[in-house]
Protein chains: 2
Amino acid sequence: MIQPRPRTIPEATVARLAVYLRVLSGLADGGRTTVSSGELASAAGVNPAGLRKDLSHLGSCGVRGVGYEVSALRERIAHVLGAEQSRACVLVGIGNLGTALADYAGFGSRGFRFVGLFDASPAQVGREIGGLTVQPISELESTVTATDAAIGVIATPADVAQSVCDRLAAAGVRSILNFAPVTLTPPPGVDVRPVDLSVELQVLAFLGQQRTARAAEVTA
Amino acid sequence: MIQPRPRTIPEATVARLAVYLRVLSGLADGGRTTVSSGELASAAGVNPAGLRKDLSHLGSCGVRGVGYEVSALRERIAHVLGAEQSRACVLVGIGNLGTALADYAGFGSRGFRFVGLFDASPAQVGREIGGLTVQPISELESTVTATDAAIGVIATPADVAQSVCDRLAAAGVRSILNFAPVTLTPPPGVDVRPVDLSVELQVLAFLGQQRTARAAEVTA
DNA sequence: GCGACTTTGTTCCTGCGTTCACAAGCGGCT
DNA sequence: AGCCGCTTGTGAACGCAGGAACAAAGTCGC
């Protein structure tokens, strides 16, 4: 049994594939049937050659001289990313950010559906958001087990994030998206992907400051 | 005039420096005065050697045989990142996510302060969030000019994000953090840093799926 | 005062990601 | 039917980030 394409797709490529998928959906809605790599790359903000290399990881699906068929390419990327099946997710921490995430329409259209919202505060329990009722955190394990959720999202304050991480992992969650501003140390076999909004802002501010300093240097 | 340290710090290093800064603040609150690179690296979730290399970019400040002085290192990183000065930011799009961002305490403690909240919907205008009143989008330019805000945050729906980006850039904003699920094409001289929550989730799900497939392969 | 241990700072090296450039292939025109 | 132009897919080179190992340096114990 041969393996025509290597199973390992670079992480950076995966992130871009998700972007291509979004752009392709927009093109399909616009009625387009074919796109060239240059056009798609421009819409996604990447280099055309890099885009072709990314796409080559999932087996050629383009037609030389013409471009890519929008719907076919979209389906193929969705298949590789596993975006066809609906994935059950649980969300812990229904503060401002958690509420926004629970209501975010972008998740549902990408195959992610929340099957449980949890908060430690009695004031939040019972609220209804996006068709779900906020449950007390004590029901976390039973819900994860019952729904077989493999993805957890942490939007709690920093001081409880690690314990929530441990509980999610113990309940069977294998992948965790962490919005809390702490570095989590997950048990073996569990992936944590941190999303720190302050870090993003600081990097952005630094780049801007660096650019300004560079410009001033040139002027001098 | 010599340049003792090269002005270019890799972007990946900058992102980690922001994480170190967060960890150091936690250590300082805990009363610690010194840390070793190993300990700090473990708390930040990185390799000790990499951490030392990151820190070497801003001139050595550690003491051999002892480690790093927490407060001094924190101040030095804050200085390099420009986190000492308060930076004025404007936020456009006060939906669920925008509200969460406006209320997010993590920004203020890192030197970012919002000086303007804007929304196109009359229903949102007038709301008070985190001490600020939501203004109509028509006042965007005048507020940016008056406050000299250099950073903009876009949390609008996708279809208006590009026009908001253009208006921010025209008003003088040089750095934009974009939460809208579209690829923005900014005017020259303006940086855009995209934060796509759906992409993060999809990458996470793919990695988990790949890991599961790998495990099944080994079992077979 | 001296030796040994600890920890930093640096250097080398390996691997990955990105970019450029070219060959291969397909459609359209004559 | 044959040629031309356009676009994909791939191969190679470049640059960069990450990791490991080693030398320098400072402190603690005797």
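The shown structure was predicted, so the numbers you read here are calculated from the model rather than taken from an experiment. For the numbers below, each heavy atom of this structure counts, side chains included, while hydrogens, waters and symmetry mates do not. Naming: A, B, ... by sequence-line order, numbering from 1 per chain.
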Item to check | Distance-minimising heavy-atom pair for C165(A) and L184(A) | outcome: CB-CD1, 3.9 Å
Checklist entry - Under the criterion side-chain contact (heavy atoms from CB on, under 4.5 Å), which of R76(A), R74(A), R52(A) is the partner of Y68(A)? => result R52(A)
Checklist entry - How large an angle, rounded to 10°, do the end axes of the helix from dG1(C)-dC30(D) to dT30(C)-dA1(D) enclose when each is built from five base pairs? => result 10°
Next on the checklist: Pick the closest DNA chain C nucleotide for R64(A) and for G62(B) by heavy atoms, then say which residue is nearer the 5' end.
Outcome noted: G62(B)
Item to check | Whole angstrom value for the distance that separates P of dG25(C) from CZ of R52(A) | outcome: 16 Å
Item to check | Atom pair distance, as rounded to whole Å: CG in L55(B) and C1' in dT7(C) | outcome: 13 Å
Checklist entry - Between G65(B) and S56(B), which has a closest nucleotide on DNA chain C that is more 5'? => result G65(B)
Checklist entry - Does the pair Q202(A) and R22(B) meet the rule for a side chain to side chain donor-acceptor pair (under 3.5 Å), with working shown? => result CA-CA 11 Å; Q202(A) 274 186 328; R22(B) 192 184 63 199; over 6 Å; no
Item to check | Within 6.0 angstrom of R16(A) CZ, more than 12 heavy atoms from elsewhere | outcome: yes
Next on the checklist: When you measure from the side-chain N and O atoms of S37(B) to the phosphate of dT8(C), is any distance below 4.0 Å, counting only OP1 and OP2?
Outcome noted: yes
Item to check | Over all atoms of both residues, closest heavy-atom pair of L117(A) and I94(A) | outcome: CB-CD1, 3.8 Å
Next on the checklist: For the CD atom on E11(B), are there more than 12 heavy atoms of other groups (residues, nucleotides or ligands in this structure) within a distance under 6.0 Å?
Outcome noted: no
Checklist entry - Are there more than 12 heavy atoms of other residues, nucleotides or ligands under 6.0 Å from atom CZ of R174(B)? => result no
Checklist entry - Can you name the closest pair of heavy atoms from A150(A) and V173(A) and give their distance? => result O-CG1, 3.6 Å
Checklist outcome for this item: Outer limits of DNA chain D sitting under 4.0 Å from a non-hydrogen atom of chain B, read 5' to 3', are dA17(D) to dT27(D)
Next on the checklist: Below the 4.0 Å mark, does dG9(C) have OP1 or OP2 next to a side-chain nitrogen or oxygen of Y68(B)?
Outcome noted: yes
Checklist entry - How far apart are the closest heavy atoms of A88(A) and T147(A), and which atoms are they? => result CB-O, 4.2 Å
Are there any protein N/O atoms within less than 3.5 Å of an N/O atom in nucleotides 14-18 of chain C, and if so, which ones and at what distance?
{"from": "dT18(C)", "atom 1": "OP1", "to": "R16(A)", "atom 2": "NH1", "distance (Å)": "2.8"}
{"from": "dT18(C)", "atom 1": "OP2", "to": "R16(A)", "atom 2": "NH1", "distance (Å)": "3.3"}
{"from": "dT18(C)", "atom 1": "OP2", "to": "R16(A)", "atom 2": "NH2", "distance (Å)": "2.7"}

Next on the checklist: Nearest 0.5 Å, please: how far is OG1 in T13(B) from CG in L55(B)?
Outcome noted: 10.0 Å
Next on the checklist: Please give me the minimum heavy-atom distance between Q209(A) and G82(B), naming the atom from each residue.
Outcome noted: OE1-CA, 3.5 Å
